[in-house]
Amino acid sequence: AAAIRLSGLHKTYKGNQTALAGVDLEVPQGAFHGLLGPNGAGKSTLIGLMTGLVRIETGSVALFGHDLARDPVAAKRHVGLVPQEVNFNSFEPIIETMVGQAMYYGVPRKRAGERAHQALARVGLEERAKRKPWGLSGGMKRRLMLARALVHEPRLLILDEPTAGLDVAARRDTWELLQELNANGTTILMSSHYLEEMRDLCETVAVLNEGRLIANDTPSELFGDD
Ligand code: ADP
Ligand code: ADP
């Protein structure tokens with residue numbers, strides 16, 4: 001089955017703001033797929049729908065063949081999400097958040113501890129494990145979000161503008177980690193409004209504008225080769 005299959009997704013928010021006007025998209029397993037579009041295009045709404053954070057009104061979402069509305073637990077089991085907003089609990093030690101997240105995905109407590117340390121090491125935050133996250137810099141918070149999304153070793157990683165606001169070095173570290181994960185078989189869907197980032201990283205890019213997919217093609221077809 002495809003990692004992601006979206007059919008006929010529409011979303012209208014209260015006040016009649018149409019965020020999505022009929023989106024169909026298929027992302028095969030193993031892909032590094034981009035979701036490009038200007039602010040307001042509907043990228044976060046689309047990511048919200050495919051991770052169960054925004055309620056599906058019309059259309060359907062299937063992840064690895066599991067329908068998200070009918071079988072949310074199975075559909076979400078292999079998915080890691082890096083949301084756009086920093087949203088971890090500032091009052092508990094980082095390691096607690098990490099272990100909690102792993103257990104939420106069904107990893108037993110003992111394994112969860114190991115996985116949590118591994119994921120923190122992966123993003124260079126191992127020595128912060130026992131501290132609370134409020135001392136972290138913006139870049140470190142972003143890395144922690146990535147570690148949290150990886151703690152249950154998801155087969156599909158969905159990232160909403162993961163490099164927004166990062167400096168060049170931090171951005172490059174994120175790219176390297178994502179490329180390494182993808183080389184090891186993790187399917188990646190990443191939104192961005194940086195065209196160069198999409199061109200350098202993604203095999204395929206879906207372009208969203210005013211709630212519609214206006215293209216879904218390779219970077220060289222979309223942007224040329226220069
Ligand atoms: P993007 O992630 O591409 O910037 P969004 O999905 O955040 O796009 O937004 C798409 C459209 O839906 C925008 O016009 C935005 O103002 C609107 N929108 C997003 N979230 C809400 C909400 N919770 N309530 C009302 N309108 C919203
Ligand atoms: P809560 O409802 O417990 O406050 P949050 O929205 O703060 O949940 O999310 C807690 C953690 O779960 C975050 O790491 C978030 O990225 C992750 N998460 C939430 N929904 C999903 C999902 N559908 N798939 C993968 N991870 C998710």
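Indexing begins at 1, ligand by ligand and atom by atom, following the structure's order.
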Student: Looking at every heavy atom in both N209 and P38, which two are closest together, and how far apart are they?
Tutor: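 So the two residues come closest at OD1-CG, 3.6 Å.
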Student: By side chain to side chain donor-acceptor pair (under 3.5 Å), which residues pair with D160, not counting sequence neighbours?
Tutor: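 D160: side chain to side chain donor-acceptor pair (under 3.5 Å) contacts with S44, S191.
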Student: With a cut-off of under 6.0 Å to the ring centre and 45° to the axis, is R155 in cation-pi contact with F64?
Tutor: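 Because its charged atom sits under 6.0 Å from the ring centre and within 45° of the axis, R155 does stack over F64.
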Student: Work out which heavy atom in A112 is nearest to a heavy atom in M103; give both atom names and the distance.
Tutor: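 Smallest heavy-atom distance, with atoms named: CB-CG, 3.9 Å.
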Student: Of all the heavy-atom pairs spanning A74 and H66, show the shortest one and how long it is.
Tutor: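 Nearest heavy atoms, A74 then H66: CB-ND1, 3.6 Å.
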Student: Counting only heavy atoms and a distance below 4.0 Å, can you name the residues contacting ligand 1?
Tutor: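 The 4.0 Å shell around ligand 1 contains Y13, Q17, A19, P38, N39, G40, A41, G42, K43, S44, T45.
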Student: Quick one: does NZ or CZ of R115 land under 6.0 Å from the six-membered ring centre of Y105, within 45 degrees of the ring axis?
Tutor: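 So R115 doesn't make the cation-pi contact.
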